[in-house]
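Data first, discussion second: the structure below is written as structure tokens.
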Amino acid sequence: RPEASELHQDVMLPLQKMCLSDGFAPTTKAAMMSRGWLSSDAVRPPLVTSNSHHVQAITDRAVALI
């Protein structure tokens, strides 16, 4: 299992940067959708979704935390 400092550097910081660049709601909803907690990552207004590359990057980072 990775050390906490490695998880912070390799997983949490990139997720935080995604939130800063793309917004907290789109990033969070994409992560929740990838876990099956939401049926859509749409955020309003306006109703938009993250691109598939962004969703995959969020999913990869979120899975690394588990």
Side-chain angles (χ1 to χ4, degrees):
R1 204 96 192 139
E3 294 292 322
S5 59
E6 291 173 3
L7 283 174
H8 177 72
Q9 183 67 33
D10 298 339
V11 179
M12 293 305 298
L13 284 178
L15 279 172
Q16 289 171 338
K17 288 178 183 176
M18 287 177 185
C19 286
L20 288 173
S21 66
D22 300 315
F24 177 77
T27 301
T28 304
K29 289 189 90 174
M32 288 186 195
M33 190 182 87
S34 73
R35 302 281 300 159
W37 298 339
L38 295 176
S39 60
S40 170
D41 67 341
V43 179
R44 22 184 160 135
L47 194 58
V48 297
T49 62
S50 299
N51 67 48
S52 61
H53 175 72
H54 181 79
V55 172
Q56 187 60 51
I58 293 166
T59 300
D60 293 345
R61 299 284 181 192
V63 168
L65 287 172
I66 298 170

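Everything quoted here is computed from the prediction, not taken from an experiment. Values reported hereafter were calculated over all heavy atoms of this structure, with side chains retained and with hydrogens, waters and symmetry mates removed.
The two residues Pro14 and His8 come nearest to each other via the heavy atoms CD-O, 4.5 Å. Scanning both residues, Thr27 and Leu15, for their nearest heavy atoms gives CG2-O, 4.4 Å. Of all heavy-atom pairs spanning Lys29 and Leu38, the tightest one is CE-CD1, 3.7 Å.
Gln16 CD to Phe24 CZ: the interatomic distance, rounded to the nearest 0.5 Å, is 10.5 Å. Here the CD atom belonging to Glu3 is positioned 14.0 Å from the CD atom belonging to Gln9, to the nearest 0.5 angstrom.
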